[in-house]
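Numbering of ligands and ligand atoms starts at 1, following listing order. Start at 1 with the first residue, then count along the sequence.
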Amino acid sequence: MNLTQLYDAILNGKLEEGIAVTKTAIDEGTDPQVIINDYMVKAMEEIGARFESGKAFVPNLLMSARAMKGVLNLLKPLLTAGTTTSAGTIVIGTVKGDLHDIGKNLVASMLEGCGFEVINLGVDVSSDQFVEAVRKHHADIVCMSALLTTTMNYMREVTAAIQASDLVLKPRVMVGGAPLTEAFAAEIGADGYSSNANGAVILARRLIRA
Ligand code: B1M
């Protein structure tokens, strides 16, 4: 199976083509991690670079995002197969003002796939929504995502709101997203940072054990 066809399908926003190629790749036993990391994420990086250099526009981003999400939905059951007991409960969301959810959903799927119970709050999530979800689901970890330099600062507000809340058992906080750094995570009082979905799983396991 030539998966560059999948890369092209995501890059050009062709959902149906992407699904057809992916179905064949799955049937041939290709590792879903390879499909995602080596082709799908790379295509999203390329469309982002084209957008930055004025060679692609918001409708192109939306088409690529639609294709990416559709194919991810197809792969999600393969990531979550075979897990039975919960490794811990994680509340995840993209912070207020930010509508990017592809990376966050990928992180959520990986965490689910590795046995965590994941409460996905979606995008544009306020500090109150995070705190209330922790209370409702007795979450061990809050996981925040941001893709914009303008919205990443809101993570500071969420960590502060968690500390200021009346929650008896405060959840650990982990953060990620393209503009973030380890130093930023430390500065806002988060317990950990990861640059990618696999790292988020390793970090979550470490925070649960700590
Ligand atoms: Co927008 N966008 N976007 N966008 N977009 C970026 C982020 C941008 C870098 C593009 C660019 O200029 N090159 C730029 C941000 C610049 C900046 O802030 N410095 C940008 C901009 C400017 C904007 C708008 C302002 C554009 C406009 O309207 N003029 C606007 C903002 C809207 C808003 O949020 N309020 C906007 C809108 C959009 C769309 C809606 C069109 C669409 C999003 C659709 C969707 O998500 N449903 C979109 C897209 C698709 C992108 C790019 C092209 C791709 C993002 C993506 O999905 N990547 C992006 C450019 C880029 O990233 N190269 C861009 C694939 C995904 C798998 O990677 O999300 O990075 P990522 O997730 C990774 C890691 O970051 C990490 O793991 C994931 C998997 O490895 N990770 C975590 C993420 N969260 C984590 C949490 C963790 C751990 C790891 O917790 C522990």
Side-chain angles (χ1 to χ4, degrees), residues 7 10-13 15 32-73 75-76 79 88 90-114 116 118 120-125 130 139-155 158-159 171-182 184-186 188 190-208:
Y7 175 93
I10 304 277
L11 184 59
N12 298 312
L15 172 62
Q33 297 285 356
V34 170
I35 300 177
I36 293 170
N37 294 324
D38 295 359
Y39 297 92
M40 297 170 63
V41 171
K42 293 257 181 330
M44 291 307 292
E45 285 170 3
E46 175 58 23
I47 193 69
R50 289 186 186 183
F51 176 71
E52 209 163 351
S53 61
K55 291 185 192 131
F57 304 95
V58 170
N60 304 104
L61 294 189
L62 283 170
M63 296 286 286
S64 292
R66 176 175 158 268
M68 175 87 180
K69 285 171 119 176
V71 175
L72 263 185
N73 278 342
L75 292 167
K76 199 172 162 190
L79 296 174
I90 301 182
V91 162
I92 188 169
T94 303
V95 296
K96 195 170 162 185
D98 201 322
L99 304 177
H100 295 86
D101 67 354
I102 295 173
K104 180 264 297 170
N105 288 343
L106 192 51
V107 171
S109 297
M110 288 290 295
L111 288 166
E112 275 175 353
C114 292
F116 289 92
V118 177
N120 192 336
L121 301 180
V123 296
D124 196 20
V125 183
F130 276 112
D140 305 293
I141 296 177
V142 164
C143 178
M144 287 183 267
S145 176
L147 264 282
L148 299 172
T149 45
T150 46
T151 55
M152 59 192 257
N153 283 308
Y154 189 74
M155 292 174 163
V158 180
T159 41
R172 314 305 294 270
V173 175
M174 62 186 212
V175 294
L180 272 74
T181 60
E182 191 93 54
F184 176 78
I188 64 166
D191 299 294
Y193 156 80
S194 164
S195 65
N196 58 67
N198 294 328
V201 173
I202 295 167
L203 175 61
R205 286 191 180 130
R206 182 163 63 73
L207 292 179
I208 290 279

Closest by any non-hydrogen atom to [atom]: pick that one out of [options].
atom                    : options                       : answer
atom 22 (C) of ligand 1 : Leu148, Val173, Ile92         : Leu148
atom 79 (C) of ligand 1 : Leu106, Leu180, Ile141, Leu72 : Leu106
atom 26 (C) of ligand 1 : Phe57, Tyr193, Phe51          : Phe51
atom 48 (C) of ligand 1 : His100, Met44, Glu46, Glu52   : His100

Please answer whether the main-chain N or O of [Y] pairs with a side-chain N or O of [X] as donor and acceptor at a distance below 3.5 Å.
X      : Y      : answer
Asp98  : Ser145 : no
Asn73  : Gly70  : no
Thr94  : Val123 : no
Asp191 : Val173 : yes
Tyr154 : Gly97  : no

For [X], which part has a heavy atom under 4.0 Å from ligand 1: side chain, backbone, both, or neither?
X      : result
Val175 : backbone
Ile102 : both
Leu147 : both
Ser64  : neither
Met144 : backbone

Verdict with reasoning, Asn60 to Lys55, per side-chain contact (heavy atoms from CB on, under 4.5 Å): CA-CA 10 Å; Asn60 304 104; Lys55 291 185 192 131; over 6 Å; no

Sole residue of Leu106, Ile102, Leu75 in side-chain contact (heavy atoms from CB on, under 4.5 Å) with Met40: Leu75

For residues [X] and [Y], report the shortest heavy-atom separation together with the two atoms involved.
X      : Y      : answer
Gly88  : Ile208 : CA-CD1, 4.1 Å
Gly177 : Leu147 : CA-CD2, 4.3 Å
Pro171 : Ala139 : CB-O, 3.8 Å
Val34  : Tyr39  : O-CD1, 3.6 Å

Under 4.0 Å from [atom], do we find at least one protein heavy atom?
atom                    : result
atom 24 (C) of ligand 1 : no
atom 59 (C) of ligand 1 : no
atom 53 (C) of ligand 1 : yes
atom 44 (C) of ligand 1 : yes

Within a distance under 4.0 Å of any heavy atom of [X], pick out the atoms of ligand 1 and give their elements.
X      : value
Ala65  : 44 (C)
Asp98  : 34 (O)
Leu62  : 40 (C), 41 (C)
Ala178 : 70 (O), 75 (O)

So is [X] in contact with ligand 1, going by heavy-atom distances below 4.0 Å?
X      : answer
Ser194 : yes
Lys69  : yes
Ser195 : yes

Test your reading of the structure: does [X] have an N or O sitting under 3.5 Å from an N or O of ligand 1?
X      : value
Ser145 : yes
Thr149 : yes
Leu99  : yes

Exercise: do Asn120 and Lys104 side chains pair donor with acceptor under 3.5 Å: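 Yes, side-chain donor-acceptor contact under 3.5 Å.
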
Sub-4.5 Å side-chain heavy-atom contact between Met110 and Val107: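 No. Closest side-chain heavy atoms not under 4.5 Å.
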
Side-chain heavy-atom pair Met63, Asn12 within 4.5 angstrom cut-off: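 The answer is no; the side chains never approach within 4.5 Å.
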
